[in-house]
K.L.:
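This structure is in structure tokens; I'll ask about it shortly.
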Amino acid sequence: MSATGQDTGRRIGDVVLKVDNISLSFGGVRALTNISFTVREHEILSIIGPNGAGKSSMLNVINGFYHPQEGVITYKGQARSRMRPHEAARQGIARTFQNIALFKGMSALDNIMTGRNTMMKSNIFAQALYWGLGQKEEIAHREHVERIIDFLEIESIRKTPVGRLPYGLQKRVELGRALAAQPELLLLDEPMAGMNVEEKEDMCRFILDVNDEFGTTIVLIEHDMGVVMDISDRVVVLDYGRKLAEDVPDAVRANQEVIDAYLGVSHAA
Ligand SMILES: Nc1ncnc2c1ncn2[C@@H]1O[C@H](COP(=O)(O)OP(=O)(O)OP(=O)(O)O)[C@@H](O)[C@H]1O
Ligand SMILES: [Mg+2]
């Protein structure tokens, strides 16, 4: 999966994801109220807003972790009010989490390999019965994972247990696991939180490369406004579970309501 030189990305296409009037509550807590926005093919769309604004909840609705009380999600033309995470994965939606969710004792390579699970045709019994088939499939998956390792420049840590890696590299492995599923829509929940400047620059470059080389559509939650304004095609702003704005970065930056609620105040980096 090295650079192909193909001009696959940056041609924003049709609407691939439509979020329509989504409302989500937990008991008395209203996490999302009537949220609507669209994501276009090949786009990088950022979701920003203060802590507790509902950003992670929104990603959890998109990939089926949370089931909204109201509203419809339309993905690739198929409308539904709820789906399960494994269905989302099968339809080409992958994600990373705000708090790293990796198997700490397993190597970087094996963690990334788990991202192939939804694509494995033969289960363990089939593999035992038809050894040849299972083996062939395993080799193909391993080759794909090796290409991701190459792409993310983590050859030197491929055998290292993830728990021993510095935070920035763990985040990179988590991105690798999401990429292993060859997603069409990649949801990234604060992929740069807690990183130093150099690590952030690396992560930015990988996100842009994924978008550009594979044409992957990306929805990104990020608090670093420099990064958001730099890499996003459009930005959705949430505040207390409501949408304040949906626009190109320059317009969002100049929006007084957004400045008052978020940009003008200090917030977590
Ligand atoms: N599983 C849950 N059970 C109960 N309340 C929840 C749950 N998930 C989210 N919430 C609540 O929903 C609201 C939105 O939370 P969410 O995590 O989506 O915010 P966020 O914008 O991602 O914040 P942050 O920037 O801190 O990550 C908060 O009030 C939160 O406490
Ligand atoms: Mg969050």
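Residue numbers run from 1 in the order of the sequence given. Note that ligands are numbered from 1 as they come in the structure, with each ligand's atoms numbered from 1 the same way.
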K.L.:
Provide the number and element of each atom of ligand 1 under 4.0 Å from a heavy atom of H223.
P.N.:
25 (O)

K.L.:
Check for a donor-acceptor pair, side chain of Q69 on one end and backbone N or O of S25 on the other, with a separation under 3.5 Å.
P.N.:
yes

K.L.:
I'd like to know whether ligand 1 has G49 as a neighbour, heavy-atom separation below 4.0 Å.
P.N.:
no

K.L.:
Below 3.5 Å, N or O to N or O, backbone or side chain included: is there any such pair between A53 and ligand 1?
P.N.:
yes

K.L.:
Looking only at protein heavy atoms, which one is nearest to atom 3 (N) of ligand 1, and how far off is it?
P.N.:
F26 CD2, 3.5 Å

K.L.:
Output yes when a side-chain donor or acceptor of N21 lies under 3.5 Å from a complementary backbone atom of G71, and no otherwise.
P.N.:
no

K.L.:
Show the nearest heavy-atom pair for residues T38 and E43, with the distance to one decimal.
P.N.:
O-OE1, 4.2 Å

K.L.:
Is R147 positioned over the aromatic face of F151, cation under 6.0 angstrom from the ring centre and no more than 45 degrees off axis?
P.N.:
no

K.L.:
Check whether more than 12 heavy atoms from other residues, nucleotides or ligands sit under 6.0 Å from atom CZ of F97, and answer yes or no.
P.N.:
yes

K.L.:
Please list, in number order, the atoms of ligand 1 under 4.0 Å from a heavy atom of E190.
P.N.:
25 (O), 27 (O)

K.L.:
Write down the atom of R40, the atom of G13, and the distance for their closest heavy-atom approach.
P.N.:
NH1-O, 2.9 Å

K.L.:
Among all protein heavy atoms in this structure, tell me which lies nearest to atom 26 (O) of ligand 1, with the distance rounded to 0.1 Å.
P.N.:
N51 ND2, 3.1 Å

K.L.:
Identify the protein heavy atom lying closest to atom 8 (N) of ligand 1, giving its residue, its atom name and the separation to 0.1 Å.
P.N.:
Y66 OH, 3.1 Å

K.L.:
In plain terms, say whether K171 and E199 are close enough for a salt bridge, that is, a side-chain N and a carboxylate O under 4.0 Å apart.
P.N.:
no

K.L.:
Mark yes or no for whether R116, through its side chain, and A180, through its backbone, hold a donor-acceptor pair below 3.5 Å.
P.N.:
yes

K.L.:
What is the nearest protein non-hydrogen atom to atom 27 (O) of ligand 1, stated with its residue, atom name and distance?
P.N.:
Q98 NE2, 2.7 Å

K.L.:
Which heavy atom of the protein is the closest neighbour of atom 28 (C) of ligand 1, given with residue, atom name and distance?
P.N.:
G52 O, 4.1 Å

K.L.:
For the residue pair G64 and P85, what are the closest heavy atoms and their distance?
P.N.:
O-CD, 3.4 Å

K.L.:
Considering only non-hydrogen protein atoms, determine which one is nearest to atom 17 (O) of ligand 1 and report residue, atom name and distance to 0.1 Å.
P.N.:
S56 CB, 3.8 Å

K.L.:
I'd like to know if the side chain of N111 reaches the main chain of F103, judged simply by a donor and an acceptor atom lying under 3.5 Å from each other, with no hydrogens or angles considered.
P.N.:
yes

K.L.:
Yes or no, since that's all I need: does a protein heavy atom fall within a distance strictly under 4.0 Å of atom 30 (C) of ligand 1?
P.N.:
no

K.L.:
How about V252 and M225: do any of their side-chain heavy atoms sit closer than 4.5 Å?
P.N.:
no

K.L.:
Starting from atom 25 (O) of ligand 1, locate the nearest protein heavy atom and write down its residue, its atom name and how far away it is, to 0.1 Å.
P.N.:
K55 NZ, 2.7 Å

K.L.:
Need the ligand 1 atom indices (1-based, order shown) with element for anything under 4.0 Å from a heavy-atom of A31.
P.N.:
12 (O), 13 (C)

K.L.:
Is atom 19 (O) of ligand 1 in close reach of the protein, with a heavy atom under 4.0 Å away?
P.N.:
yes

K.L.:
Identify whether V72 and F65 are in the same connected component of the hydrophobic contact network (ILVMFWY, side-chain heavy atoms under 4.5 Å).
P.N.:
no

K.L.:
Hey, does M58 sit under 4.0 Å from ligand 1 if you only count heavy atoms?
P.N.:
no

K.L.:
With a 4.5 Å cut-off on side-chain heavy-atom distances among I, L, V, M, F, W and Y, is there a chain of contacts connecting Y167 to V227?
P.N.:
yes

K.L.:
Could you tell me whether a side-chain N or O of K18 sits under 3.5 Å from a main-chain N or O of G77, the two making a donor and an acceptor?
P.N.:
no

K.L.:
Which protein N, O or S atoms lie under 2.8 Å from the Mg ion (ligand 2), given by chain and residue number?
P.N.:
S56 OG, Q98 OE1

K.L.:
What part of V29 sits under 4.0 Å from ligand 1 if we count only heavy atoms: the side chain, the backbone, both or neither?
P.N.:
side chain

K.L.:
Please state which protein non-hydrogen atom is closest to atom 15 (O) of ligand 1 and give its distance, to 0.1 Å?
P.N.:
S57 OG, 3.8 Å

